[in-house]
**Q** 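Could you have a look at this structure, given as structure tokens, before my questions?
Numbers restart at 1 for each chain; the letters A, B, ... are given by sequence-line order, proteins then strands.
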Amino acid sequence: MLVFLVKRIFNAAVVMLAVAAMAFLIFRFVGDPVEMMVNEQTTQAQRDQLREHLGLNDSVFVQFERFVVNAAHGDFGISYRNQRPVSELIAERFPATLELVLVATILSLLIGIPLGVVTAIHRGTWYSETLQFGSILGVSLPSFVVGIMLILTFSVTLGWAPAFGRGDVVHIGWWSTGFLTRSGRASLILPSLSLALFQITLVMRLVRAEMLETMRMDFIKFARARGVPARRVQFRHALRNCLMPVITMTGMQFGNLIAFALITETVFQWPGMGLLFMQAITFVDIPVMAAYLCIVSFIFVAINTLVDITYAVIDPRLRHQGH
Amino acid sequence: MAPVETAKAPTAKRARWRDSDLWWSLKRSPLAMAAGALLVVLVIAAFLAPLLAIQDPYNLAALELWNAELPPVWQHNGQWPYLLGTDVQGRDIMSAILYGSRVSIIIGIASVVVSLVVGLMAGLAAGYIGGWVDNLLMRVGDVLLSIPTILMAILVSAVFREILPTDLRDGFAPVILIIAISLSAWVQYARTVRALAMVERGKEYVQAARLLKVRPGRIMRSHILPNTLTPILVAATLNFGLAILIEATLSFLGVGMPPTEPSLGTLIRIGNEYLFSGQWWIVVFPAIQLSLLVLSVNVLGDWLRDALNPKLR
């Protein structure tokens with residue numbers, strides 16, 4: 001078990017180092033950092049001083065080492081555009097993204113699981129087939145198209161929900177939350193729905209497949225034979241056995257959803273990390289781009305590693321497999 | 001299996017197709033049939049854009065400002081021949097969609113071809129040669145997949161645009177997009193082919209070929225590759241839809257095709273600016289076209305996966 005643990009964590013560390021190398025290459029070689037930071041009036045002497053101060057005259061390896069050490073301490077340098085520490089900017093935007101992704105995840109479970117159960121139990125009926133086709137629709141509709149259509153229908157035409165921004169937020173320490181105000185909650189509706197749609201179809205398809213599998217098993221037949229009511233068999237016996245893979249997938253998708261949120265955030269002008277990243281791209285604000293890449297990849301890799309380890313704890317057979 | 005039709009004495013190839021399991025399955029899936037027909041129509045219309053469109057949307061001289069912001073013909077003030085209305089520059093939406101679809105489809109096909117070629121070569125090399133080649137290729141793949149696809153594509157696209165001189169940027173936009181999409185797409189093909197190649201490597205026919213001193217390149221190409229194509233075909237179909245989707249997303253976010261040569265994503269990006277001013281048709285029709293395109297590809301891919309899976313028969 002210990003060997004597996006060490007191996008898996010070592011693997012994750014190597015991947016993270018590779019990602020950091022990519023971020024560093026972007027940071028160091030896409031445009032000259034000094035040129036990005038100075039204006040036309042800066043003298044050559046000041047430029048040289050800044051170059052020395054940033055450590056850009058050291059060897060590439062020393063610079064990379066410094067980049068990794070600083071990144072591990074949460075220091076990603078100064079944003080070219082805002083002249084503020086990148087870590088501060090990200091910390092400001094992080095709560096918005098996390099709340100959005102969290103609500104979208106909860107929505108996807110609340111809607112996806114019942115839909116999956118219904119399509120599995122009533123297989124072949126017209127509404128089940130319609131839902132089944134709807135799930136292909138959910139995978140095919142581009143996320144930004146869904147967002148635009150939601151805005152057009154519910155904001156522009158019907159005027160039911162706000163189309164952009166986060167509404168009023170309440171600050172609790174460094175965290176800012178939109179859950180506690182009416183406008184904050186209203187602003188969450190459309191973005192989270194648009195982010196959740198893809199996830200809903202994933203959950204629905206997975207639950208359906210798992211349910212079909214489970215309903216064929218012996219313990220279900222025994223429960224039926226014992227005279228347990230059908231509804232109770234479906235929800236208490238069968239569904240419970242389907243939830244494990246659903247939870248795994250939801251966890252693994254969480255990192256993906258954070259990355260995906262950047263599209264939703266752009267459509268709805270939601271002030272999260274993704275919008276910060278897209279603005280950074282427009283202004284070639286390299287430190288912010290590099291930081292975002294590192295943070296999202298870190299969340300992604302950390303969750304995947306955690307899931308693998310959890311599985312190994314539960315199922316000893318996995319510990320001795322090849323990799 | 002369908003009976004072989006002998007009435008019209010079809011050519012051998014045609015008879016083989018009519019007799020195939022694929023055709024048999026297609027005939028029994030109306031949804032896949034409809035999707036296939038829709039896809040064929042959309043693709044043909046896109047490639048015939050110069051013939052079908054009433055104006056060349058790239059030619060600014062052909063645009064007439066007094067025809068700007070016309071709604072679709074069925075609405076009040078709508079004007080023939082501007083079937084789906086015009087945008088603020090007087091550009092016919094229908095023409096823009098036809099040309100835009102062509103850009104989207106070409107980039108989609110090119111991305112699939114590029115990632116397919118790279119993935120097949122990498123997968124065969126990793127699976128057949130093994131050793132450090134296998135290790136290196138698979139670790140590179142691991143790293144690429146540990147960054148979310150969409151983030152990877154945006155970064156690559158943004159970085160390339162920054163590196164290129166300004167005057168080359170727009171011209172190279174399709175190439176940049178193809179690279180950005182293929183960079184993480186090849187890994188899936190490589191993994192699939194690798195796994196299959198490792199299985200095939202141990203089989204007798206490959207050993208026989210090896211004993212006959214057939215060169216490794218030839219063994220990989222003509223002996224192993226054909227036996228790995230079925231799952232690859234399914235993956236390629238679904239990836240075609242994904243490629244169109246990623247291209248559209250990048251263009252929508254402003255790191256894809258420029259407004260001078262808009263793809264469907266660029267058109268939606270432009271139309272999105274008029275969302276609140278009432279000209280809904282500028283954004284809605286390109287969005288519908290994009291959705292139909294991806295939907296038809298995905299339905300076909302779904303069907304193909306089931307049809308080629310012998311366990312489901």
Side-chain angles (χ1 to χ4, degrees), chain A residues 11-12 14-19 21-23 25-26 29-31 129 132-133 135-137 139-149 151-152 155-157 163-164 255-260 262-263 266-267 274 277-278 280-282 284 286 289-290 292-293 296-301 304 323, chain B residues 31 35 138-140 142-152 154-163 238 241-242 244-255 264-265 268-269 271-272 275-278 280 283-284 286-288 290-299 301-303:
Chain A
N11 253 350
V14 170
V15 168
M16 267 328 287
L17 214 59
V19 171
M22 251 192 283
L25 287 179
I26 294 171
F29 296 108
V30 179
E129 292 292 307
Q132 196 56 4
F133 177 69
S135 78
I136 303 182
L137 205 67
V139 183
S140 305
L141 287 180
S143 172
F144 59 96
V145 166
V146 174
I148 290 172
M149 293 305 176
I151 292 181
L152 197 61
S155 300
V156 178
T157 312
F164 53 85
N256 233 341
L257 223 49
I258 289 183
F260 230 76
L262 72 87
I263 303 167
T266 307
V267 174
F277 173 70
M278 286 317 296
I281 280 183
T282 316
V284 202
I286 308 276
M289 285 164 62
Y292 182 80
L293 171 65
V296 172
S297 303
F298 177 74
I299 298 176
F300 202 69
V301 171
N304 282 349
H323 305 285
Chain B
L31 195 60
M138 288 303 113
R139 288 301 89 75
V140 170
D142 284 350
V143 172
L144 289 175
L145 287 193
S146 64
I147 302 172
T149 315
I150 189 74
L151 179 57
M152 184 73 162
I154 292 173
L155 265 177
V156 170
S157 195
V159 166
F160 267 97
R161 288 159 70 85
E162 210 36 53
I163 294 173
L238 291 171
L242 196 64
I244 292 177
L245 210 61
I246 296 178
E247 186 281 323
T249 306
L250 293 190
S251 294
F252 172 76
L253 292 172
V255 288
L264 289 172
I268 297 171
R269 174 185 173 78
N272 192 30
L275 201 55
F276 294 96
S277 50
W280 54 268
V283 64
V284 167
I288 292 176
L290 175 63
S291 309
L292 285 179
L293 198 58
V294 182
L295 183 68
S296 58
V297 174
N298 281 354
V299 170
D302 252 25
W303 159 76

**Q** Which answer fits A:Ile151, side chain, backbone, both or neither, if we ask what part of it has an atom under 4.5 Å from a heavy atom of chain B?
**A**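 Just its side chain gets close to chain B.
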**Q** Out of B:Leu245, B:Ile268, B:Asn272, B:Thr249, which one racks up the most heavy-atom pairs below 4.5 Å with chain A?
**A**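 Top option by heavy-atom pairs under 4.5 Å: B:Thr249.
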**Q** How close do A:Met149 and B:Ala287 get, heavy atom to heavy atom, and via which atoms?
**A**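 Result for this residue pair: CE-CB, 3.6 Å.
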**Q** In terms of heavy-atom proximity below 4.5 Å to chain A, should B:Leu290 be classed as side chain, backbone, both, or neither?
**A**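 Contact with chain A involves the side chain of B:Leu290 alone.
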**Q** List in chain and number order the residues that pass side chain to side chain donor-acceptor pair (under 3.5 Å) with A:Asn304, two or more places apart in sequence or in another chain; answer none if no residue qualifies.
**A**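 Partners of A:Asn304 under the side chain to side chain donor-acceptor pair (under 3.5 Å) test: none.
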**Q** So which of B:Val299, B:Leu253, B:Val159, B:Val255 has the largest heavy-atom pair count under 4.5 angstrom toward chain A?
**A**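 Highest number of pairs under 4.5 Å: B:Leu253.
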**Q** Using heavy-atom distances under 4.5 Å, tell me whether A:Thr266 contacts chain B through its side chain, its backbone, both, or neither.
**A**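 The answer is the side chain of A:Thr266.
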**Q** What part of B:Leu264 is in contact with chain A, defined as an atom under 4.5 angstrom from a non-hydrogen atom: side chain, backbone, both or neither?
**A**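 Nothing of B:Leu264, per the 4.5 Å heavy-atom cut-off to chain A.
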**Q** Would a 4.5 Å heavy-atom cut-off, applied to side chains only, mark A:Tyr292 and B:Leu151 as touching?
**A**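 A side-chain contact under 4.5 Å exists here.
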**Q** List for me each residue that meets side chain to side chain donor-acceptor pair (under 3.5 Å) alongside A:Asn256, sequence neighbours excluded, and say none if there are none.
**A**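 A:Asn256 satisfies side chain to side chain donor-acceptor pair (under 3.5 Å) with no residue once adjacent residues are dropped.
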**Q** What part of B:Val284 gets within 4.5 angstrom of chain A, counting heavy atoms only: side chain, backbone, both, or neither?
**A**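 B:Val284 touches chain A through backbone and side-chain heavy atoms alike.
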**Q** Where does A:Met22 contact chain B at under 4.5 Å (heavy atoms): side chain, backbone, both or neither?
**A**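 Interface part for A:Met22: side chain.
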**Q** Measure distances from B:Leu292 to the heavy atoms of chain A and classify the residue's part below 4.5 Å as side chain, backbone, both or neither.
**A**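 For B:Leu292, there is no contact with chain A at all, as no heavy atom is under 4.5 Å.
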**Q** Measuring heavy-atom distances to chain A, does B:Ile150 have an atom under 4.5 Å in its side chain, in its backbone, in both, or in neither?
**A**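 For B:Ile150, the contact with chain A is made by the side chain alone.
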**Q** Answer with side chain, backbone, both or neither: which region of A:Leu137 has an atom nearer than 4.5 Å to a non-hydrogen atom of chain B?
**A**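 The answer is both parts of A:Leu137.
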**Q** When rounded to the nearest 0.5 angstrom, what is the spacing between CG in B:Asn298 and OG in A:Ser140?
**A**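 That separation rounds to 3.5 Å.
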